There are 2 protein chains.
Amino acid sequence: MKDILLDFISKYISLTEDEKNAILSLDLFRSVKKGTVLLKEGQNSKDSFFVLKGCIRIYYIIEGEEKTTAFYTEMDALTPHSVINNAPSDYFIGCVEDSILLVSNSDMEAEINSKFPKFELMCRKLSEELLAKQRIDFDKFKTSSPEQRYQNLLQSRPDLIQRVPQHQLASFLGIKPQSLSRLRGRIHEKRS
Amino acid sequence: MKDILLDFISKYISLTEDEKNAILSLDLFRSVKKGTVLLKEGQNSKDSFFVLKGCIRIYYIIEGEEKTTAFYTEMDALTPHSVINNAPSDYFIGCVEDSILLVSNSDMEAEINSKFPKFELMCRKLSEELLAKQRIDFDKFKTSSPEQRYQNLLQSRPDLIQRVPQHQLASFLGIKPQSLSRLRGRIHEKRS
DNA sequence: TTTATTTGTTAACTTAAGTGAAGGAGTGAT
DNA sequence: ATCACTCCTTCACTTAAGTTAACAAATAAA
């Protein structure tokens, strides 16, 4: 489990043994049960998440309806906007499967950053990379039809379609569950 | 003009007079004519952009059709994914109006970052903030209908609707120009 | 000025997503 | 075992976006 974390970090910076031990000794690993709400709308927590195993999601409750907009799986990092802006959260964060997460709070991160300037560099690289990737995702979403989005997901993250409830997938694709059902039927028909 | 830049930087870090002069002496300011293409698909430039005045956009050419997905106006920063990943660009960057930009290349930024570690901190804060903001934008896009997106834009960036051609706005909203026309007519009717 | 070209609007028609309702399968609780 | 609840699918119907085409207005080019 700890290897996953160190492998991830090594994609951005190289660490000495001392540095590795310092990070592991913080012991941020946490087991979380499916269904757990990690952050509520309006809440002002300072926690960031890194998924070692399992799946978490961002969702909203709009007019009583749950709208899931993002999934985070193995090796994905999520720092809520409420942490960045020190403001109440617009969204919920929930646990889709039993998961093992790394949970860190921003005070602690600031401390690590000042102790290990390298860590600051990693955070910059990581968030720049995520920003660029998310830009591309957003663009592809805008320029695709719901059916294309589903086909695209089928290519890029086939696992998600298996491990996540359909109604969560639907809002992730920007449509209603009924439309996703119909759309899948349509595609299936074409294939056969 | 230089004040705009320094004001922007001061939102993230504080600079000494020496540091301010060092940055200004790089003289990265560039005037760009409307219609200029700053980055082409497939190209591998190392240039990042900061808009001091005017407007630039990200667009794609998909099946011969131009699809605009993002606009950057005063005080907006844009580092293309091609710079981050050192890979050919998926998109074009074009100039919507005559603009004054700050154009920096990534080698130079690396140099500044090592000279002034503060700058590294700024870049981290900035990209974290932009990532969080873009997440919210993406989520709102997913959970809204085209009409709601237009109404939302009318609230949040009313200037854009004036200064940008309708067909670019349409793809920015994820719809066809004809649909935007119709949708506007629909709304106008309701108001009267 | 005249001619193209681009841009925005309108209209008729097609297609697909939204809506409301119903029913079946699976899950969990009592 | 029964009941309640959630989840997924299906259907009929409504609504709005996509499509194709035509046209007027504005802009750029000859």
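Here is the naming used below: chain letters follow the sequence lines, and residue numbers restart at 1 for every chain. Since we're looking at a predicted model, the values are computed, not measured.
- Distances were taken from every side-chain heavy atom of A:R186 (C-beta onward) to each of D:dT9, C:dA16, D:dA16; the shortest belongs to C:dA16.
- Distance, B:K33 NZ to D:dA28 C1': 15 Å, rounded to whole Å.
- Along DNA chain C, the nucleotide nearest to B:Q166 and the one nearest to A:I175 differ in position, and the one closer to the 5' end is contacted by B:Q166.
- Contact annotation: B:S181 does not reach the phosphate of C:dT10 (side-chain N/O to OP1 or OP2, under 4.0 Å).
- One interatomic measurement links the two molecules: NZ of A:K176 to C1' of D:dC11, which rounds to 18 Å at whole-angstrom precision.
- Annotation: cation-pi geometry not satisfied between B:K115 and B:F119 (NZ/CZ under 6.0 angstrom from ring centroid, within 45° of ring axis).
- When distances are taken from the side chain of B:P146 to each of D:dA12, D:dA17, D:dC8, the shortest belongs to D:dA17.
- Side-chain atoms of B:R182 and base atoms of C:dG8 include no donor and acceptor less than 3.5 Å apart.
- Going from atom CD of B:Q178 over to atom C1' of C:dG8 covers 10 Å, rounded to whole Å.
- Atom CG in B:L180 sits roughly 11 Å away from atom P in D:dG18 (whole-Å rounding).
- Between the CD atom in B:E19 and the OG atom in B:S14 there is a gap of 8.0 Å [rounded to 0.5 Å].
- With 3.5 Å as the limit, one finds a donor-acceptor pair spanning the side chains of B:R184 and B:Y150.
- Computed from coordinates, the B:E97 CD to D:dT27 C1' distance equals 17 Å when rounded to whole Å.
- Between A:L169 atom CG and C:dA17 atom P there is a gap of 15 Å when expressed in whole angstrom units.
- Here D:dC5 presents its P atom at 16 Å from NE2 of A:H167, a figure rounded to the nearest Å.
- In this entry the distance linking CD of A:E147 with C1' of C:dT15 reads 11 Å, nearest Å.
- For the pairing with B:F49, the side chain to side chain contact (heavy atoms under 4.5 Å, CB included) check across B:L102, B:T79, B:I93 returns one residue only, B:I93.
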